[in-house]
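Proteins get letters first, then strands, A, B, ... in listed order; numbering begins at 1 in each.
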Amino acid sequence: MQIDTPRGMDDLLPREFALKRKIEEVIREVFALYGYLEIETPTLEYYELFAIKSGEEIRQRMFEFEDKAGRKLVLRPEVTASIARLVSTKLKAWPQPIRLGYIADCYRYDEPQWGRRRRFWQGGFELFGSKSPLADAEILQVSHEVFNKIGLKDHFFKVGHVGVLRKLLEEFKVDERDQDKILTMLDRKEIDDAINVMRGLGVGEEAVKAIQELITLEEYDHERIFKRASDTLSRWKEAEKCLENLREIIEAAREGGVDSPIIVSPGFARGLEYYDGFIFEQGIPGIHISFNGGGRYDKLVELFGGKPTPAVGCAIGITRIMQYMLDKSIGVPDPPRPKILIAGVSKVSPRYISKVSRNLRDLGVAVEVEVSGKKLPTAIEFAVKNGMRYVVIVGEREEEGQKIVIRNLETRTQMEVDLVDVDKIMEVLGGT
RNA sequence: GCCGCGGUGAGGUAGCGGUUAGCCUUCCGGCCUGUGGAGCCGGAUGCCUGGGUUCGAAUCCCAGCCGCGGCCCCA
């Protein structure tokens, strides 16, 4: 019998689940603060939805199978495609801009390792209907805000613009599919192969040289890097415009409160082929995987049959953040648990214990009932060990008089109270 | 997809050809008839799976499975 979880898929224990909840709460808080409406899409989608434009890397790493009617289905490897599908269909008559948020589990058939699971959670922000740098900057702002609120204040950004390289290639009539191929190669640091492909497609030597230069540019000093990059690109106006766009985005984000380090990398490419403008990743020093990534994808909605709709978004790696925080033991909350245990003693009837618990819960007080037949000392020990603050003791004597004994575990004192004396009970329980 | 390292009760570990498989935490019971985190006593659960070598395997060999890291890439 196979009783383990499937490879790379984790059970979340109470502590882990509480942490996941906390991160989700932060994300939802930011949804609300910026106007992102939360939605949900199916975990299963048709293969085609992702096959079209999600990138070779993802395509090979999907869980795929056939349903009983022979349709090809996949477990979603990410959510952006589903959201774009939604915008191109059900939301096509909505007034834009449209801001959507999601928190969803995703699946990839990867080799599991630190920060990479086969099932993992992403929290996403997607903004449709704006070409303005303000929209891109907003995605940086929400990312910044989420990480700060979670307590990861030392995060940094790495930003780039796919248009820089794409526009340059377009000058030499390289079609989109070949661009995808080249960008993927550059992303994988297969520089020589990329150069060979470019030459094969008739890209001029000056441009090849420019690209080689661009991919080595990467630093914090914005002024210097923009100067150098625009010198390199001065001959190709379209590519230079993209660079200018990137500069505007960064400036807007800075004014919008994004005060973490931003590494500018004009030759930066990302694996998801649908990106066609601003792109970024967010990380933490010393960790070599990114915790958040996103960018602009102006063609995707159109690709799914919608009207041309510019879009920009990001996907925050909740599972990675969790793993980091658990490893470092930072900000891991205790699972919420009642502070009160009701323990029966001697010949008290189950009816009375049940009644007492009902009364207390009606007052909004969270209680656990001792149901395992523990004797009182053991029950008290159990309560103490589990961080509870009161034991409500009910026995025959209390049942006869319709009373309860509330014992305070911290002060080691106790008091008998009438079950109907609501004010007294609340007073003794001190607002728990 | 590739490359390393590793699998001993629920968790953490010792043992590395012959041990009654040891220790810590946990869990259960008792000391304790309705009042405390302690203590003491007792108890429960284990050598990943399958082959092989050997008089004898947790220990050595092979394969598989699983886990952990790294590469690549990604969240």
Side-chain angles (χ1 to χ4, degrees), chain A residues 1-10 13 23 27 54-62 76-80 102-124 143 146-147 184-190 269-273 275 279-284 287-295 313-324 341 343-348 370 372-399 405-414 416:
Chain A
M1 185 175 48
Q2 189 78 27
I3 53 165
D4 287 335
T5 55
R7 185 170 168 75
M9 306 208 186
D10 306 313
L13 273 37
I23 297 169
I27 292 172
S54 283
E56 189 56 32
E57 201 62 40
I58 277 193
R59 206 171 305 154
Q60 288 172 357
R61 291 181 171 179
M62 286 195 285
R76 61 177 167 217
E78 48 110 20
V79 188
T80 302
Y102 62 85
I103 291 173
D105 53 342
C106 300
Y107 300 80
R108 290 187 199 172
Y109 202 92
D110 273 323
E111 287 312 306
Q113 58 189 262
W114 196 93
R116 178 201 280 167
R117 315 303 303 161
R118 286 187 171 183
R119 177 179 192 239
F120 57 95
W121 293 78
Q122 288 193 330
S143 298
V146 166
F147 277 64
T184 300
M185 285 175 166
L186 291 174
D187 187 28
R188 291 186 194 169
K189 308 280 183 293
E190 296 162 358
R270 282 173 53 84
L272 261 42
E273 289 167 18
Y275 290 121
I279 52 173
F280 79 99
E281 286 181 357
Q282 190 174 8
I284 290 172
I287 308 289
H288 292 286
I289 52 179
S290 63
F291 286 72
N292 175 21
C314 69
I316 296 171
I318 294 174
T319 302
R320 287 187 169 178
I321 293 174
M322 278 174 66
Q323 184 152 13
Y324 177 77
L341 181 72
V345 95
S346 68
K347 300 239 169 41
V348 68
E370 209 311 291
S372 64
K374 286 183 173 58
K375 289 177 180 153
L376 191 56
T378 314
I380 289 173
E381 196 175 321
F382 175 89
V384 167
K385 202 176 292 180
N386 287 291
M388 295 181 173
R389 289 171 44 199
Y390 301 93
V391 173
V392 170
I393 300 164
V394 289
E396 281 178 294
R397 303 200 288 267
E398 287 76 16
E399 183 169 7
V405 168
I406 300 173
R407 183 170 181 84
N408 184 322
L409 297 174
E410 282 155 26
T411 62
R412 301 180 180 221
T413 58
Q414 64 189 44
E416 193 177 68

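Distances from the side chain of Ile289(A) to the nucleotides rC74(B), rA75(B), rG36(B) place rC74(B) closest. Here rC28(B) is the nucleotide among rU35(B), rG34(B), rC28(B) with the atom lying nearest to any side-chain atom of Lys374(A). Nearest nucleotide to the Leu376(A) side chain, out of rG1(B), rA38(B), rG34(B): rG34(B). In this structure, of rC72(B), rG67(B), rG69(B), it is rC72(B) that holds the atom nearest to the side chain of Arg116(A). Distances were taken from every side-chain heavy atom of Glu111(A) (C-beta onward) to each of rG34(B), rC2(B), rG37(B); the shortest belongs to rC2(B). Closest to the side chain of Phe120(A), out of rG36(B), rA75(B), rG34(B), is rA75(B). Closest contact between the side chain of Gln113(A) and the listed nucleotides rG69(B), rU35(B), rG36(B) involves rG69(B). Closest to the side chain of Arg108(A), out of rC74(B), rU35(B), rG37(B), is rC74(B).
Applying the side chain to side chain donor-acceptor pair (under 3.5 Å) test between Arg119(A) and each of Thr5(A), Thr319(A), Asp105(A) identifies Asp105(A) as the sole match.
Using a 4.0 Å heavy-atom distance criterion, Asn408(A) is classed as a base contact. Among the heavy atoms of the strands, none lies under 4.0 Å from Arg119(A). Contacts of Gly344(A) with the nucleic acid, taken as non-hydrogen atoms under 4.0 Å apart, are absent. Counting any heavy atom pair closer than 4.0 Å across all strands shown, Phe291(A) reaches sugar-phosphate atoms only and no base atom. Using a 4.0 Å heavy-atom cutoff across all strands shown, Gly123(A) reaches no nucleic acid atom at all. Across all strands, Ile393(A) comes closer than 4.0 Å to base atoms (heavy-atom distances). Residue Glu410(A) is out of contact with every strand shown, counting any heavy-atom pair closer than 4.0 Å.
The two atoms that bring Pro112(A) and Arg7(A) nearest to each other are CD-NH2, 3.6 Å, heavy atoms only. Between Tyr275(A) and Gly295(A), the closest heavy-atom pair is CE2-N, 3.3 Å. Of all non-hydrogen atoms in Ser143(A) and Asn292(A), the two that sit nearest each other are OG-ND2, 2.9 Å. Summarising the geometry of Glu398(A) relative to Ile393(A), their closest heavy-atom pair is CG-O, 4.0 Å, with the distance given to 0.1 Å.
Taking the centre and axis of the six-membered ring of Tyr109(A), the NZ or CZ atom of Arg118(A) falls inside the cone set by 45° and 6.0 Å.
Under the Watson-Crick or G-U wobble criterion, with both distances below 3.5 Å, rG37(B) is left unpaired in every strand shown. Of the nucleotides present, rC27(B) is the one that pairs with rG43(B) by Watson-Crick or G-U wobble criteria, both distances under 3.5 Å.
Here the C1' atom of nucleotide rU26(B) and the CD atom of Glu381(A) are 13 Å apart, to the nearest Å. Straight-line distance from the NZ atom of Lys375(A) to the C1' atom of rC28(B): 13 Å, rounded to whole Å. For the pair Ile380(A) CD1 and rU35(B) C1', the interatomic distance rounds to 4 Å; values are reported in whole Å. Atom-to-atom, CD of Glu396(A) to P of rU33(B) comes out at 16 Å; the value is rounded to the nearest Å.
With hydrogens and angles ignored, a donor-acceptor pair closer than 3.5 Å exists between the side chain of Arg320(A) and the base of rC74(B). Side-chain N/O atoms of Arg7(A) and base N/O atoms of rG67(B) include no donor-acceptor pair closer than 3.5 Å.
To the nearest whole angstrom, the two C1' atoms, one in rU49(B) and one in rG6(B), are 16 Å apart. Across the C1' atoms, rC48(B) and rG67(B) are found 10 Å apart, a figure rounded to whole Å. Taking atom P on both nucleotides, rC60(B) is separated from rG15(B) by 12 Å, rounded to a whole Å.
Stacking here means ring centres nearer than 5.5 Å and ring planes tilted less than 30 degrees, and by that measure Trp114(A) does not stack onto rG69(B).
A sub-4.0 Å separation between OP1 or OP2 of rG67(B) and a side-chain N or O of Arg118(A) is absent. Side-chain nitrogen and oxygen atoms of Lys385(A) include none within less than 4.0 Å of the OP1 or OP2 phosphate oxygen of rG36(B).
Of the possible donor and acceptor atoms, one in the side chain of Arg320(A) sits under 3.5 Å from a partner among the backbone N and O of Ser290(A).
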